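Keep in mind it's a predicted model, so treat the numbers as computed, not measured.
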Amino acid sequence: MASVVVVAVVAGPVAVAASVDLVVALVAVEAPAEVGNSIENYFMRYLHVLNGDSALTLFRQSEVSGEIIICREMMCEGKVKYTNNLSAFFESRAKHLQYHYGIDRKTYYSHVVRELEKMVFFASSTDEIVLWFEYDLFSQVNLLFILHFIANSLFDKQLPISIVDLPHHPTAEDLPKALNKRILLQSDDLALAADIWDAWCMDTPMLLETISKMSTGNLKYIPAAITAHLKRFPDAVTGLSIIESYFLLQLALGSYRWYELYMLFWRDLEIYGFSNFQLDVLVHRMVDAGVIDEREQLLIITSLGQEVLDEQENYLDYVSLEHRWLGGVRLSTTPWRWDQSRNTLVEVEK
């Protein structure tokens, strides 16, 4: 794989890395309370948190005023440390991303951490924090982390926090309308978000599975996103995650160029919102395992890949799970697998 140190942080087909050396990265709740109107919005001092740099271009084309923070993370990818100490969290995260994803530690701190820390600076001149995140897994896990970051860095400010129900692939004209319909998060919402983030960082996925079956009130996209996440665990029969299985199924029907395969993924499994950077990592891993090959810039399924699909071989016998994480779960040691027939996680003997 080419040397890439970019964490693309935009969901779906627009998730394109910005450069090669920049990290671009259980309670009931009240009914949604829409806040704001165009006149009120004009006088409010907002701090907007956007999910990725490409969202910034669209935002600047809109008529929405306020300071802007960019979340350049991809918290759905790789290891996350279970701690409320943000310094310890970022140190652990930076080491993991540098060693296993080739993301330079200094770049991570300068373009991801320092950007988020600007929230502390802007807080004293802010009336409300507005979070702009879509419904997919990529966006929703970043949203949970941002709420975790605010709770542990701005705990003395107690600023109102609202979320925007952002339409998929919005236009600049959509943003002011979406702002007017934003939902103010209540204390129960924030407490639930903290619980879900803690569950994301734990070394067992069982609490997440429970949350995926709950009503989460104003955090309404969380259950579907978490269900999609759980399907990333190795299949109990084939050892493939749902995305790896999807790629092999598509390649069993014909060969594709890399980006053509990604376009199919973004069309059919848009709930993930993964960037091309993440998909590159996954496909290279499958090539190294011998289930996919590349010939004349086309990806093809190998005989081993077909045997895995036919349940004659197990993918985990050919790919290393060492240093691979899903949130706080280390895949090399976890006994949990996804049972497609039962649509649930099952524990297997190691």
Side-chain angles (χ1 to χ4, degrees), residues 5-9 22-25 46-53 67-101 103-126 128-133 137-163 185 187 189-203 207-208 211 219 222 225 229 323 325-330:
V5 293
V6 176
V7 178
V9 294
L22 171 65
V23 180
V24 268
Y46 294 116
L47 177 57
H48 303 284
V49 183
L50 309 183
N51 193 36
D53 282 275
E67 301 291 348
I68 297 173
I69 299 291
I70 307 296
C71 176
R72 297 187 175 115
E73 252 290 2
M74 53 172 188
M75 287 296 176
C76 62
E77 188 75 35
K79 178 184 177 181
V80 291
K81 185 179 180 67
Y82 184 26
T83 178
N84 289 331
N85 184 320
L86 292 175
S87 295
F89 178 89
F90 286 129
E91 181 63 26
S92 171
R93 183 78 175 154
K95 288 180 179 178
H96 178 74
L97 292 177
Q98 177 168 280
Y99 188 79
H100 299 292
Y101 290 86
I103 297 168
D104 179 69
R105 180 181 181 279
K106 291 183 179 179
T107 306
Y108 177 77
Y109 268 94
S110 63
H111 290 90
V112 177
V113 180
R114 299 294 175 254
E115 176 72 10
L116 294 176
E117 289 175 340
K118 287 163 56 177
M119 274 195 272
V120 179
F121 173 78
F122 287 129
S124 60
S125 58
T126 294
E128 182 180 331
I129 299 175
V130 185
L131 309 181
W132 299 75
F133 292 79
L137 174 64
F138 186 105
S139 302
Q140 289 297 298
V141 182
N142 276 355
L143 169 64
L144 291 172
F145 172 71
I146 290 298
L147 291 172
H148 173 76
F149 180 89
I150 292 172
N152 287 278
S153 60
L154 302 177
F155 53 87
D156 59 331
K157 304 298 182 182
Q158 297 186 336
L159 291 168
I161 304 172
S162 59
I163 55 175
L185 294 180
S187 58
D189 297 316
L190 299 176
L192 179 57
D195 288 342
I196 300 172
W197 175 255
D198 284 348
W200 183 266
C201 299
M202 290 180 181
D203 61 1
L207 183 54
L208 283 178
I211 294 169
L219 303 171
I222 289 294
H229 166 68
H323 306 301
W325 297 72
L326 289 177
V329 179
R330 188 168 191 165

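- For the pair Leu97 and Tyr108, the minimum side-chain heavy-atom distance is below 4.5 Å.
- Checking Tyr109 against Glu117 by side-chain atom types alone, no donor-acceptor pair falls below 3.5 Å.
- Two residues are said to be in side-chain contact when any heavy atoms from C-beta on lie closer than 4.5 Å; Glu91 and Arg105 meet this criterion.
- Looking only at distances, a side-chain donor or acceptor of Asn142 sits under 3.5 Å from a matching main-chain atom of Glu73.
- Under the side-chain contact (heavy atoms from CB on, under 4.5 Å) rule, His48 has a single partner from Leu131, Ile69, Val130, which is Val130.
- Ser92 places no side-chain N or O within 3.5 Å of a backbone atom of Ala88 that could act as its donor or acceptor partner.
- Smallest separation of non-hydrogen atoms from Ala199 and Leu207: CB-CD2, 3.6 Å.
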Using the ring-ring contact (aromatic ring centres under 6.0 Å, His included) rule, take Trp200 and His229 through it: C-alpha gap first, then chi angles, then the decisive distance, then the call.
CA-CA 10 Å; Trp200 183 266; His229 166 68; 4.1 Å; yes

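- Separating the CD1 atom in Ile146 from the CE atom in Met75 is a distance of 8.0 Å, to the nearest 0.5 Å.
- For the salt bridge (charged side-chain N to carboxylate O under 4.0 Å, His left out) test, residues two or more places apart in sequence or in another chain that qualify with Lys118 are Glu115.
- Closest approach of Met74 to Arg93, counting heavy atoms only: O-NH2, 3.0 Å.
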Run the side-chain contact (heavy atoms from CB on, under 4.5 Å) check on Glu77 and His100 step by step: do they pass?
CA-CA 11 Å; Glu77 188 75 35; His100 299 292; over 6 Å; no

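- Of the inter-residue distances, the one linking Leu143 atom CG with Asn51 atom CG reads 8.5 Å to the nearest 0.5 angstrom.
- The two residues Leu47 and Ile68 make their nearest non-hydrogen contact at CD1-N, 4.4 Å.
- In this structure Asn152 satisfies the side chain to side chain donor-acceptor pair (under 3.5 Å) test together with His148, sequence neighbours excluded.
- The closest side-chain heavy-atom distance from Leu159 to Glu128 is not below 4.5 Å.
- Here the closest non-hydrogen pair linking Val80 and Gly328 is CG2-N, 3.8 Å.
- At least one side-chain heavy atom of Leu185 sits less than 4.5 Å from a side-chain heavy atom of Leu147.
- When all heavy atoms of Cys71 and Leu116 are compared, the closest pair comes out as CA-CD2, 4.3 Å.
- The nearest pair of heavy atoms linking Val120 to Ser153 is CG2-CB, 4.2 Å.
- Between the side chains of Glu67 and Thr126, no donor-acceptor pair of N or O atoms lies under 3.5 Å.
- Taking CG of Leu144 as the start and CG of Leu219 as the end, the distance is 7.0 Å to the nearest 0.5 Å.
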Pair Ile129-Phe122, side-chain contact (heavy atoms from CB on, under 4.5 Å): steps then yes or no
CA-CA 10 Å; Ile129 299 175; Phe122 287 129; over 6 Å; no

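- Using a 4.5 Å cut-off on side-chain heavy atoms (C-beta onward), His323 and Arg330 make contact.
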Derivation and outcome, side-chain contact (heavy atoms from CB on, under 4.5 Å), residues Phe133 and Ile163:
CA-CA 8 Å; Phe133 292 79; Ile163 55 175; over 6 Å; no

Dump the intermediate steps for ring-ring contact (aromatic ring centres under 6.0 Å, His included) on Phe89 and Phe145, then the final yes or no.
CA-CA 11 Å; Phe89 178 89; Phe145 172 71; 5.2 Å; yes

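- Rounded to the nearest 0.5 Å, atoms CG (Asp189) and CD1 (Ile161) are 10.0 Å apart.
- With rounding to the nearest 0.5 Å, the separation of CG in Leu192 from CD1 in Ile196 is 4.0 Å.
- The OH atom of Tyr82 lies 8.0 Å from the SG atom of Cys201; values are rounded to the nearest 0.5 Å.
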